[in-house]
Amino acid sequence: MIKLKNLSAYYEQNPQKKVLQDVSLFIEKGDIVSVLGPNGSGKSTLLSLIAGITVPGLITIKSSSIILDGKNADSYKRKSLSQKVSLLAQHEQYSWPFSVFDAVLMGRYAHSSWIEPYSKKDIESAEYQLEELNITHLRNRSIFELSGGEYQRVMIARALAQSTEILLLDEPFTHLDINSQHSLLTLIKKIAQQKNSTVLMSLHDINAAPLFSNKTILLREGNLVCCGDTSLIFSGDYLSKAYDTEFGFFKHPYYNVMQSYITSAV
Ligand code: ADP
Ligand code: MG
């Protein structure tokens, strides 16, 4: 469903430094994928390119291709691409104090037409996402008056309201406490499985990957270290290669997965 062939990109001010270098991989429909790698390894760039977002100054090398459902991503019209892929970007900020409901409704923009900006179905869908994310009580609150966890729930509701087969989440839980992170990941996994959606999420917390994703993409300095079953990646020395750090692995006491911990430098 998502196929990357030799995806390479650089920023125009520094053409020598490829921020992604010959990344080739294949993601199947229904996969829940963790995108891991140290800061600056290219996770956000990768997700933006798959979403077809124009990043100022970022240039994709011509021989690169991104294939979505067998069709080159370049050949999708903007609107049909946004009906297929939604992205929750890492540093997204609003400049206007929209209400929570309006912010979620904006996710329906991909399905609106100029004749009828938002239909009854769009409004129902936004209401449904508020309920699903447990934020109906915040409906009329300004998005500037939310806690970090509430705000992220709103952003996830907006991305889900877009109702796409592919959901891209760029470090959606970085500022959340472990409890909120865990409950949101559980919810996203449940929704993705119900809808058979494909999810790619870059994660700061490596330990969340084996709990929530069946596949993992590991990046280092723009290069793909590996892409494969999360269980495989959490049993080899791939993480150490990517992060330049020694990792220890142990079996999770409640889940049948391997967890990692970072050994301290000696
Ligand atoms: P990650 O999300 O893994 O932290 P990014 O995709 O944000 O990594 O960045 C990959 C590389 O691109 C980094 O080396 C970063 O410094 C560089 N980069 C990101 N944004 C810009 C920009 N606007 N201009 C120049 N270089 C950038
Ligand atoms: Mg990033």
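Since this is a predicted model, take the numbers as computed values, not measurements. The first residue in the sequence is number 1, and the count goes up from there. In listed order, ligands and their atoms are each counted from 1.
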May I ask you to list the atoms of ligand 1 that are less than 4.0 angstrom from any heavy atom of Thr45? 5 (P), 6 (O), 9 (O), 10 (C)

Is there any N or O on Ser44 that sits under 3.5 Å from an N or O of ligand 1? yes

Can you confirm whether some protein heavy atom lies under 4.0 Å from atom 3 (O) of ligand 1, or whether none does? yes

side-chain hydrogen bond (donor to acceptor under 3.5 Å, both in side chains): which pairs involve residues 185-202, sequence neighbours left out? Asp170-Ser202

Qualifying ring pair (Phe, Tyr, Trp, His ring centres under 6.0 Å) pairs with a residue from residues 29-72, counting only residues at least two apart or across chains: none

Check for a donor-acceptor pair, side chain of Arg139 on one end and backbone N or O of Phe101 on the other, with a separation under 3.5 Å. no

Which of the atoms in ligand 1, numbered in the order shown and given with their element, are less than 4.0 Å from a heavy-atom of Pro38? 3 (O)

Between His252 and Phe234, ring centroids under 6.0 Å: no

Among all the protein's heavy atoms, is there at least one whose distance to atom 15 (C) of ligand 1 comes out below 4.0 Å? no

Can you list the protein N, O or S atoms less than 2.8 Å from the Mg ion (ligand 2)? Ser44 OG, Gln90 OE1

Gly40 N/O under 3.5 Å from ligand 1 N/O: yes

Could you tell me whether a side-chain N or O of Ser48 sits under 3.5 Å from a main-chain N or O of Ser44, the two making a donor and an acceptor? yes

Report the nearest protein non-hydrogen atom to atom 11 (C) of ligand 1: residue, atom name, distance rounded to 0.1 Å. Val19 CG1, 3.5 Å

Of Ile61, Asn223, Asn6, the residue whose pairing with Gln21 passes side chain to side chain contact (heavy atoms under 4.5 Å, CB included): Asn223

Do any N/O atoms on Tyr11 end up under 3.5 angstrom from N/O atoms on ligand 1? yes

Think Lys79 forms a cation-pi with Tyr109, using NZ or CZ under 6.0 Å from the six-ring centre and within 45 degrees of its axis? yes

If we only consider heavy atoms of Lys17, is any one of them less than 4.0 Å away from an atom in ligand 1? yes

Atoms of ligand 1 less than 4.0 Å from Asn39 heavy atoms? 4 (O)

May I ask you to establish whether Lys71 and Tyr76 are in a cation-pi arrangement, using a distance under 6.0 Å from NZ or CZ to the six-membered ring centre and at most 45° from the ring axis? yes

Using a 4.0 Å heavy-atom cut-off, say whether Gln13 meets ligand 1 through its side chain, its backbone, both or neither. side chain

Side-chain donor or acceptor of Ser41 paired with backbone N/O of Glu221 under 3.5 Å: no

Pick whichever of Gly57, Gly42, Gly37, Pro56 has a heavy atom sitting closest to atom 8 (O) of ligand 1. Gly42

Ser41 heavy atoms, cut-off 4.0 Å: which ligand 1 atoms fall inside? 1 (P), 3 (O), 8 (O)

Measure up the Tyr94 and Tyr151 rings against each other and bin them: parallel (under 30°), tilted (30 to 60°), perpendicular (over 60°). perpendicular

Listed by chain and number, what are the salt bridge (charged side-chain N to carboxylate O under 4.0 Å, His left out) partners of Asp31, not counting sequence neighbours? Lys215

Cationic tip of Arg108 above Tyr118 ring, under 6.0 Å, 45° of axis: no

